[in-house]
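Before any comments, here is the structure.
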Amino acid sequence: MLKVRERIGISQLLRNQIKIFEDGFIDVSKLLFFPNLLRSYLTLVLESKLSNNIDKVIGIASNGLPFATFVSSIYNVPLIIAKKHKDSVFLRYLEENIKESNSVISPIYIREDLIKKNDKVLIVDDVLRTGKTFLALSNLAAKAGAKIEAAVIIASSRENISTARTDTQIITLFKL
């Protein structure tokens with residue numbers, strides 16, 4: 001087990017890899033340059049803040065997918081990938097819309113056969129900006145009858161955390 005001082009050092013090293021651009025874009029991609037450290041840090045944080053009572057992890061096919069894969073492997077549970085497209089007309093999907101802007105609405109899908117009623121799920125995403133993706137993933141899980149145990153967000157600005165669902169525990173690794 002890492003000492004507190006070492007844990008703080010790892011946290012700061014990883015935090016220093018996150019870049020915020022003038023337009024508000026939060027880039028966490030360089031965290032993936034340190035996979036072993038990131039996995040160790042995720043394990044420490046999750047062990048201290050969350051039970052092991054997770055059946056599945058849900059991530060969205062975008063920049064957050066590598067992080068969802070890490071968390072899925074830590075818990076040794078299946079990873080459900082929400083996508084912005086359907087893979088086949090022969091599969092059944094749950095669908096939710098994300099309001100990207102005033103004039104753009106994008107659907108996301110989860111295969112119906114991958115998530116079951118009463119599954120205990122953990123939502124994982126790289127960045128919480130507006131909370132729209134998180135809410136859509138939460139709604140998809142709810143449509144399946146799954147129970148959302150918590151959400152793990154790699155990075156978020158403090159003001160954005162309050163825009164997400166308040167009834168779900170949100171674990172943020174790096175508050176910016």
Item to check | Same apolar cluster (I L V M F W Y, side chains within < 4.5 Å links), Y93/I98 | outcome: no
Next on the checklist: Side chains of I58 and L140, heavy atoms from C-beta outward: is any pair under 4.5 Å?
Outcome noted: no
Next on the checklist: Which residues pass the ring pair (Phe, Tyr, Trp, His ring centres under 6.0 Å) test with F33, not counting sequence neighbours?
Outcome noted: none
Next on the checklist: I'd like to check the ring pair (Phe, Tyr, Trp, His ring centres under 6.0 Å) partners of F174; sequence neighbours left out, ordered by chain and number.
Outcome noted: Y41
Next on the checklist: Could you tell me if the side chain of I148 sits less than 4.5 Å from the side chain of L137, heavy atoms only?
Outcome noted: no
Item to check | CA sep, side-chain torsions, deciding dist, call: F67, L38, side-chain contact (heavy atoms from CB on, under 4.5 Å) | outcome: CA-CA 9 Å; F67 302 103; L38 180 60; 3.6 Å; yes
Checklist entry - Are side-chain heavy atoms of P78 and L114 found at a separation under 4.5 Å? => result no
Next on the checklist: I need the I74 CD1 to N52 CG distance, nearest 0.5 Å.
Outcome noted: 10.5 Å
Item to check | Qualifying salt bridge (Lys or Arg N to Asp or Glu O under 4.0 Å) pairs, either residue in residues 25-34, two or more places apart | outcome: none
Next on the checklist: Under the side chain to side chain contact (heavy atoms under 4.5 Å, CB included) test against I80, which residue among V57, I60, I115 passes?
Outcome noted: I115
Checklist entry - Looking at NZ of K175 and OG of S156, how far apart are the two atoms once the value is rounded to the nearest 0.5 Å? => result 8.5 Å
Item to check | Separation of L173 CG from S11 OG (nearest 0.5 Å) | outcome: 7.5 Å
Checklist entry - Does K86 have any side-chain hydrogen bond (donor to acceptor under 3.5 Å, both in side chains) partners at least two apart in sequence or in another chain, and if so, which? => result none
Checklist entry - Is there a path from I10 to L31 through hydrophobic residues (I, L, V, M, F, W, Y) whose side chains come within less than 4.5 Å of each other? => result yes
Item to check | Donor-acceptor contact present, side-chain Q169 to main-chain K49, <3.5 Å | outcome: yes
Checklist entry - What residue pairs, at least two apart or across chains, pass salt bridge (Lys or Arg N to Asp or Glu O under 4.0 Å) with a residue in residues 144-153? => result K147-E149
Next on the checklist: For N16, is the CG atom crowded, meaning more than 12 foreign heavy atoms sit under 6.0 Å from it?
Outcome noted: yes
Checklist entry - To which residues is I105 joined in a hydrophobic cluster, defined by side-chain heavy-atom contacts under 4.5 Å among Ile, Leu, Val, Met, Phe, Trp and Tyr, whether direct or through other members? => result none
Next on the checklist: Test of understanding: clusters of I, L, V, M, F, W, Y form through side-chain heavy atoms closer than 4.5 Å, transitively. Do L94 and Y109 belong to the same one?
Outcome noted: no
Item to check | Residues that, via side-chain heavy atoms closer than 4.5 angstrom, fall in one hydrophobic cluster with F90 | outcome: V89
Item to check | For K143, side-chain hydrogen bond (donor to acceptor under 3.5 Å, both in side chains) partners two or more places apart | outcome: E96
Item to check | For the student: nearest non-hydrogen atoms of S62 and P66, plus distance | outcome: O-CD, 4.1 Å
Next on the checklist: Is there a continuous path of hydrophobic side-chain contacts, each under 4.5 Å between heavy atoms, that joins I108 to L91?
Outcome noted: no
Checklist outcome for this item: Here the salt bridge (Lys or Arg N to Asp or Glu O under 4.0 Å) pairs for residues 9-25, sequence neighbours left out, are none
Checklist entry - Which pairs pass salt bridge (Lys or Arg N to Asp or Glu O under 4.0 Å) with one or both residues in residues 53-78, sequence neighbours excluded? => result K56-D119
Checklist entry - What pairs with S73 under side-chain hydrogen bond (donor to acceptor under 3.5 Å, both in side chains), at least two apart in sequence or on another chain? => result R39
Checklist outcome for this item: Correct closest heavy-atom pair for A68 and L79 would be CB-CD1, 3.8 Å
Item to check | Cluster check I81, V124: I/L/V/M/F/W/Y, side chain < 4.5 angstrom | outcome: yes
Checklist entry - Would a 4.5 Å heavy-atom cut-off, applied to side chains only, mark F70 and T43 as touching? => result no
Checklist entry - Step by step, would you call F25 with V127 a side-chain contact (heavy atoms from CB on, under 4.5 Å)? => result CA-CA 9 Å; F25 175 69; V127 175; over 6 Å; no
Checklist entry - Taking all non-hydrogen atoms of both residues, which atom of L122 and which atom of A150 are closest, and how far apart? => result CD1-O, 3.3 Å
Checklist entry - Do T172 and L128 have side-chain heavy atoms sitting under 4.5 Å apart? => result no
Checklist entry - Are F134 and D125 close enough, and set up right, to give a side-chain contact (heavy atoms from CB on, under 4.5 Å), and what steps lead you there? => result CA-CA 8 Å; F134 169 73; D125 205 357; 5.9 Å; no
Checklist outcome for this item: A136 and N97 have their tightest heavy-atom pair at CB-O, 4.4 Å
Item to check | Residue list, side-chain hydrogen bond (donor to acceptor under 3.5 Å, both in side chains) with D113, at least two apart or on another chain | outcome: R111
Next on the checklist: Counting C-beta onward and ignoring hydrogens, is there a side-chain heavy-atom pair between V28 and N63 closer than 4.5 Å?
Outcome noted: no
